[in-house]
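Notes follow once the structure below has been shown.
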Amino acid sequence: MSEKQPYKPQEIEPKWQQKWEDTRLYQAEVDWDKPKHYALTMLPYPSGNLHIGHWFAMTPSDARARYMRMKGYNVLFPMGFDAFGLPAENAAITRNIHPAKWTYSNMDHMRNQLRSMGAMFDWEREMVSCEPGYYRWTEWFFKQFFDNDLAFRGEALVNWSPTLQTVLANEQVIDGKDERTGQPVIQKMMTQWFFRYTAYADEMLDFSGIDWPEPVKIMQRNWIGRSEGANVVFKTEHGDALEVYTTRPDTLWGATFMVLSPEHPLVEKLTTDEQRPDITAYVEQAANATEIERTAEGRDKTGVFTGSYAINPVNQKRIPIWIADYVMITYGTGAIMAVPFGDQRDFEFARKFGLEIVAVVQPENMDEPISVPEMEQAYDGPGTMINSGPINNQINNGAKGRKNPAINAAIDWLDENSAGRESVNYRLRDWLISRQRYWGSPIPMRYPITATNGDGSEVEFEDAVEMENGLPALDNGQLQIKDGYNVTFGAPESAPDDVLPVELPEDVEFLSSGRSPLTYYAPFLYTKDTDGNWFRRETDTMDTFMCSSWYWYRYLSPGLTDTAFSAEEAAYWLPVDVYTGGAEHATMHLLYARWFAKAMRDLGIFTDAEAIAREHGREDDDLFGEPFKLLRNQGQVLGAERPGDMILATGRKDGDRIIADRVQVIDGALDAMPDAPTVFYGELIRRTENVLRLKDAAGEEVIVEVPEGGMVEIPAIDGENDVNQLKHHLEIQRMSKSKGNVVDPDALVAVYGSDAVRAYLMFGFDWQKGGPWNDTQINGVTGWLNDMWNLTTADAPDGDDPDDDRDLERDMHKAIRGVEKGLESFKFNTSIANLMTLRNVLEGALREGRVSTEMWNEALRTNLLLAAPFAPHITEELWERMGGEYSVHNQAFPVYDEEKAKDDSVELVIMIQGKPRGTLMVSADIAKDDAIAMALESEIAQKHLNGGEPKKIIFIPGRAGNPEPKVNIVV
RNA sequence: GGGGAAGUGGCGGAAUUGGCAGACGCGCAUGACUUAGGAUCAUGUCUCUUUGAGGUGAGGGUUCGAGUCCCUCCUUCCUCACCA
C-alpha cells in the first residue's frame with residue numbers, strides 16, 4: 001500500500017475482466033436458500049457497433065444489479081442478441097455478405113465491446129435469437145398458439161412496403177412511412193399470419209401488481225384503446241344488414257345518413273348506376289393513396305353518395321348512404337351512422353354536402369331551444385335528450401358508456417327491440433407477424449400438396465411436375481406443372497415437433513429486388529414427410545418482435561434441447577424483478593411481451609414451474625402472467641449541439657444563390673462586415689454536396705454553391721481543403737452516423753477507462769431523462785477516480801482524536817444512506833454525488849491527520865464497497881491492495897446505521913412567517929418545548945415580535961436526511 | 001386536435017415528496033506552487049440598492065410554510081391521430 005503508483009485504468013481493467021471470467025464470478029445458479037433477483041436490460045440488435053446509448057442503458061442497470069448482489073441477492077443479469085432482422089438482409093443484398101456471416105461477425109465484435117463495460121453479464125447464459133437452438137422454440141411457441149387458436153391465417157388490408165417487399169405492423173408504420181427506413185407504405189389486401197392480440201386486451205389493461213412508469217401504462221392503455229358502445233344493425237333498402245359501431249347510441253335518433261369506408265364490401269352492391277362513375281373513381285383514388293396522402297388532405301371532408309338508402313332502425317327514417325375516406329375499414333365495422341349534430345366530422349361532412357342535421361340534445365344551461373342552422377360546430381356536451389322518441393327527456397351527463405343515463409336507456413331500448421346490442425371495441429388490431437423476408441424465424445407451417453391428372457384422379461406429385469435432383473424444378477419460384485396435370489395446396493398444417501426447427505437454408509442467393517430467397521429456393525420450399533407426402537412450406541418468416549417476446553425465458557436454460565426453458569429455473573428466477581430499457585418500446589415490445597406471458601400461462605406452459613415454486617413456498621398469486629414486475633426507462637443520450645463554421649464566401653450572384661469561387665472559414669471575429677454585394681458571411685447550417693446553406697447576421701438564409709475548382713480555405717486544417725471538411729451546425733437531436741454527431745464509447749474507454757465512462761454516464765445525466773451529450777464534466781469523474789486511487793494508496797493517518805473519528809464515521813454513514821437511496825430510486829447521479837462528498841471528507845481527514853488508522857481504513861473500505869457497483873475495476877484493484885479478500889463484488893454492501901449518522905448538534909432554524917431568518921446551534925435531540933423556548937428568546941424572534949405575542953408557533957423536528965429542527969413563528 | 005412529460009444559476013443537475021432552494025460536478029474568478037500550465041492545491045462563485053431583502057417559465061389560489069399541491073396561461077419535448 002505504501003508503494004505509489006499512478007491510476008492506470010488501461011492496465012487494471014482488462015486484468016480484472018479476465019479474472020472475473022476465469023473465476024466465474026458472475027455466474028448465477030439456482031439456490032433456493034438465497035433470495036433471487038432477476039435483473040434484465042434490453043438486449044441489443046447486432047448492428048455492428050455498441051454506441052453510447054447502449055452504455056447509457058446498460059451500465060447503470062449493471063450498477064444496480066451489482067448493488068442487489070452485494071445486498072445478498074442471488075442475481076441473474078444475462079445478455080444476448082436480438083439477431084434476426086432486416087439490416088442483415090440488406091447487407092446481404094447490397095454488399096453480398098450472407099446475413100448469418102454479417103450477424104455473427106457483428107456479434108463477435110460487440111461481445112468484446114460489451115466485455116469492456118465491465119458489466120456482470122452472465123455470458124454462460126447468452127442467447128442468440130438467430131441460432132436454430134433458439135428459434136426452434138420460437139417456432140414451437142408459434143405452434144402452441146396455432147393449435148390453440150391464438151394464431152391464424154387471415155386476409156387483411158396490410159401495410160405493404162414496396163421498397164422492402166414486406167408487410168409491416170401498424171406499430172412500425174409512422175406517418176405512412178416505414179419506421180426504420182422512412183420509405184412509403186401502401187395498403188394492400190393479403191393473406192397473412194396473425195396472433196389474436198385482442199384476446200388479452202382487457203387483461204393487458206390491468207396493471208395491478210406491476211410497478212411500471214405511469215406514462216408507459218397510459219401509452220399502452222391508449223394503444224389498446226378500449227371503448228364502450230353498441231353495435232346497431234341498419235338495413236339497406238336492398239335488405240342487406242349494415243352493421244355499425246357507435247359509442248353514442250343515445251344519438252341514434254339523430255343519425256341522418258350513413259358513411260361507409262371506401263373499402264367496405266357492400267359498396268359495390270349499394271352503388272347505383274348513376275353514381276357508379278363517381279364511386280369507382282373515389283374508391284380507386286382512396287386505394288392508391290398512401291396513408292400519408294390520405295391523412296395529409298387535412299380537415300376538408302371528401303366523399304361520394306352511393307345512390308342507395310338505409311333505414312334507421314330506431315325511427316324507420318330513410319337515410320342516404322355515402323362513402324368517405326374519413327371512415328376507416330380497420331376500425332369498428334368499417335361503417336358509421338352519421339350524427340352530424342353530435343360529431344364534428346359528421347357535422348363538417350353534412351354541412352359540405354347539404355345533409356340533414358337533427359338536434360337530439362338540448363344543451364345544459366341553454367334557455368331557448370337549440371337552433372340547428374345557427375350551430376357552428378357539433379355539440380357533444382351534456383344536456384337533455386330531444387327528438388329521440390323513447391329516450392326523450394333522458395339526462396345526458398356527457399359520461400361514457402352506461403354511466404350516462406341517456407346511453408344506458410338507448411342500449412336497453414336497442415336490446416328490448418332487438419335492434420342492436422351493447423359492445424366493446426378496441427383500437428388494438430390483431431398482431432400481424434408475417435414478414436416476407438428471409439432473415440427471420442421460419443413459420444413452422446406447411447401446405448399439403450395434391451396432384452391430379454386430367455381425369456381429376458390423384459397422382460404422384462413427382463409425376464405431375466418437372467423434377468430435378470429429387471426436388472421440383474422451379475422457374476422463378478414457380479412449379480413447372482406438366483401439361484394435363486393440376487397441383488393444389490391444402491389448408492395449412494403445422495410441422496410436427498420432431499422436424500423442428502424448420503431451418504433457414506444457408507446456401508441461398510439474394511436478389512437485388514429484395515425478394516425472399518425462401519420463395520424460390522426449392523430445397524426449402526418443397527418437402528416430403530416420411531410417408532412420401534409432399535408439402536409446400538410457408539415462406540413467410542416471423543416478425544422479430546416474436547423472437548424478442550420470450551428471450552428472458554431462454555436465458556434460464558439457453559442450451560436446453562427438450563424444452564424452451566427449465567421449469568425449476570423458471571420457478572426460481574421468474575418473474576423478472578427489474579427490466580430496464582428505452583421508452584420507445586412502450587407500445588410494441590413491452591405489450592407483445594405481456595401478451596406472450598399471458599398466452600403462455602393459459603396454455604399451461606408454466607404449470608410445472610408453478611408447482612415447483614409452490615413447493616418452495618412461493619405463494620405469489622400470479623408469478624407468470626406478467627413478465628416484468630418492475631420497469632424503468634432510461635432517457636436518451638442525444639447528440640451535442642455544435643456551431644457550424646463561420647464562413648466568408650466571395651463570388652457572384654446567380655438567381656437566388658451565390659456561386660462562390662472562394663470560401664474561407666473565419667476563426668474568431670470578422671474585422672468588419674463586408675459590404676460588397678458579392679461577399680457573404682454567416683454560419684454554415686447545412687451542406688449537401690457542394691451547396692452550402694449559411695445563416696447571415698440577420699438570420700437570413702443564403703445559399704452558396706461552390707463550383708468545381710472553387711477555393712476552400714480552412715485555417716485549422718493544413719494542406720488543400722475541400723467542401724467536405726466544412727463543419728455544419730449540429731442541433732441537439734438523436735445521434736446518427738448521417739448527422740455526424742455520434743459518440744464512440746470505445747474511444748472514450750481508450751482514453752479514460754471503462755470505470756470513468758460508466759461513472760460519467762451515471763453522474764452527468766438524470767438517467768430517466770437523458771439529454772444532450774457533453775463531455776466537459778468527465779473531468780469531474782476522472783478526478784474522483786484519481787482521488788479514490790490516491791487516497792487509498794496514501795499513507796494512512798495515525799491520529800488519536802476521537803471527535804475526528806466520530807465525524808468521519810458519521811459522514812461515512814451519511815454516504816451509505818445517500819448512495820443506497822440513489823441506487824434504489826434509479827437516481828445514479830445522486831449516488832455518485834454522495835461518493836464525491838465522502839471523497840471530500842476523506843481528503844480533509846487525511847490533510848488534518850487526526851483520525852485513527854483504524855477509522856481511516858474502515859472509511860476507505862466503506863468507500864470502496866460503496867463505489868464498487870459504479871466503478872467495478874478500480875475498486876477491485878484497490879480492495880486487493882488494501883488486503884481485502886477477492887472479490888470486492890462478493891462483499892456485503894455497507895449497512896446504514898441511523899444512530900451513527902446522527903449529528904450531535906445541529907442548527908435550529910428560526911423561521912418567521914415560514915421564512916428562514918436565522919439559526920442557533922442546539923443539541924440534535926432537542927425537545928420541542930426547549931426548541932420553541934430558545935427560538936422565542938432569540939434576537940431574531942424578539943425583533944420580529946417587537947414585544948407582541950406570536951399568533952402561532954410550529955415546530956418541525958429533524959429527521960433522517962433532514963436533521964435540522966425548525967421553529968416557525970407566526971407574528 | 002387528443003393524451004403524456006417537463007420548465008430551477010453560465011452549464012449538467014440536487015432538494016428526504018409540503019419544511020434553510022441551488023447538494024455534487026463542470027465552468028469561471030482570485031491566490032499558491034511553477035520556466036510554463038489546458039497539471040496540482042487553496043479560497044470564492046444565485047441576484048440586488050447587502051445591519052437587510054428578493055429569487056425555481058408567467059399570473060392567481062390553498063397553507064404557519066409551496067420548486068413541490070390546485071386553477072389559468074406561455075414554452076419545449078414525446079406520443080397517438082378523421083377511432084365512430
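Scope of the values below: all heavy atoms of this structure, side chains included, with no hydrogens, waters or symmetry mates. Just so it is clear: chains get the letters A, B, ... in the order the sequence lines come, proteins before strands, and each one is counted from 1. Everything quoted here is computed from the prediction, not taken from an experiment.
Each of A/Gly332 and A/Tyr760 was assigned the nucleotide of RNA chain B with the nearest heavy atom; the assignment lying further toward the 5' end belongs to A/Tyr760. Where A/Asn968 and A/Glu843 meet RNA chain B, the nucleotide closest to each residue was compared, and A/Glu843 sits on the side nearer the 5' end.
Here B/rG22 presents its P atom at 20 Å from CG of A/Asp766, a figure rounded to the nearest Å. Atom C1' of nucleotide B/rC83 and atom CD1 of A/Ile224 are separated by 15 Å, given to the nearest angstrom. Rounded to a whole Å, the CZ atom of A/Phe56 is 14 Å from the P atom of B/rG12. One atom, CD1 of A/Ile912, and another, P of B/rC20, lie 15 Å apart when rounded to the nearest Å. One interatomic measurement links the two molecules: CD of A/Gln913 to C1' of B/rC20, which rounds to 16 Å at whole-angstrom precision. In this structure, A/Leu428 atom CG and B/rA81 atom C1' are separated by 16 Å, rounded to whole Å. Nucleotide B/rA14 holds its C1' atom 11 Å from the NZ atom of A/Lys769, rounded to whole Å. Per the geometry, CD belonging to A/Glu214 stands 10 Å off P belonging to B/rG4, to the nearest Å.
Cation-pi geometry between A/Arg758 and A/Trp55 is not met: the NZ or CZ atom fails to fall both under 6.0 Å from the ring centre and inside 45° of the normal. A cation-pi arrangement is not found for A/Lys966 relative to A/Phe955, the charged atom failing to lie both closer than 6.0 Å to the ring centre and inside a 45° cone about the ring normal.
One can find a donor-acceptor pair under 3.5 Å joining the base of B/rC20 and the side-chain atoms of A/Glu907. Taking 3.5 Å as the limit, the base of B/rC64 and the side chain of A/Lys951 contain no donor-acceptor pair of atoms between them.
Using a 30° and 60° split on the angle between ring planes, A/Tyr197 and A/Trp431 fall in the tilted class, from 30° to 60°. Using the six-membered ring where Trp is involved, A/Phe207 and A/Trp212 have ring planes that are tilted, between 30° and 60° apart. Ring planes of A/Trp773 and A/Tyr760: perpendicular class, angle over 60° (limits at 30 and 60°).
Searching all strands for a Watson-Crick or G-U wobble partner of B/rU17 with both distances below 3.5 Å returns nothing. Pair assignment for B/rU45: B/rG27, on the basis of Watson-Crick or G-U wobble contacts that are both within less than 3.5 Å.
In this structure, A/Phe828 has its ring center no closer than 6.0 Å to that of A/Phe763.
Distances from the side chain of A/Ala833 to the nucleotides B/rA81, B/rA84, B/rC24 place B/rC24 closest. When distances run from any side-chain atom of A/Phe763 to the nucleotides B/rG25, B/rC20, B/rA84, the shortest one goes to B/rG25. Listed nucleotides: B/rU16, B/rA21, B/rG12. Nearest to the side chain of A/Arg817: B/rU16.
Contact annotation for A/Gly822: no contact, since no heavy-atom pair falls under 4.0 Å across all strands. Residue contacts for A/Ile956: at a heavy-atom cut-off of 4.0 Å it reaches a base atom on one of the strands shown. Contact annotation for A/Arg917: backbone-only contact, meaning every heavy-atom pair under 4.0 Å involves sugar-phosphate atoms and none involves a base. A/Asn222 comes within 4.0 angstrom of the backbone, heavy atoms only, and of no base. Among the protein residues, A/Asn829 comes within range of the sugar-phosphate backbone only, with heavy atoms under 4.0 Å from sugar or phosphate atoms but none that close to a base.
B/rU17 and B/rA66 have their C1' atoms separated by 12 Å, given to the nearest Å. For the C1' atom pair drawn from B/rG57 and B/rA5, the interatomic distance equals 16 Å after rounding to whole Å. Nucleotides B/rG67 and B/rG19, compared at atom P, are 10 Å apart to the nearest Å.
Not one side-chain nitrogen or oxygen of A/Arg221 sits closer than 4.0 Å to the OP1 or OP2 atom of B/rG4. Of the side-chain N and O atoms in A/Asn840, one or more sit less than 4.0 angstrom from OP1 or OP2 of B/rG25. Considering only side-chain N and O atoms, A/Arg226 lies nowhere under 4.0 angstrom from the phosphate OP1 or OP2 of B/rC83. Close to B/rC83, at under 4.0 Å from its OP1 or OP2, lies a side-chain N or O of A/Arg345. A/Tyr245 has no side-chain polar atom (N or O) that falls below the 4.0 Å cut-off from OP1 or OP2 of B/rA84. One finds no side-chain N or O of A/Asn962 lying less than 4.0 angstrom from the OP1 or OP2 phosphate oxygen of B/rU17. The side chain of A/Lys827 places an N or O atom within less than 4.0 Å of a non-bridging phosphate oxygen (OP1 or OP2) of B/rA14.
A ring-ring contact (aromatic ring centres under 6.0 Å, His included) with A/Phe257 is found for one member of A/Phe349, A/Phe353, A/Trp322, A/Phe347 and no other, namely A/Phe349.
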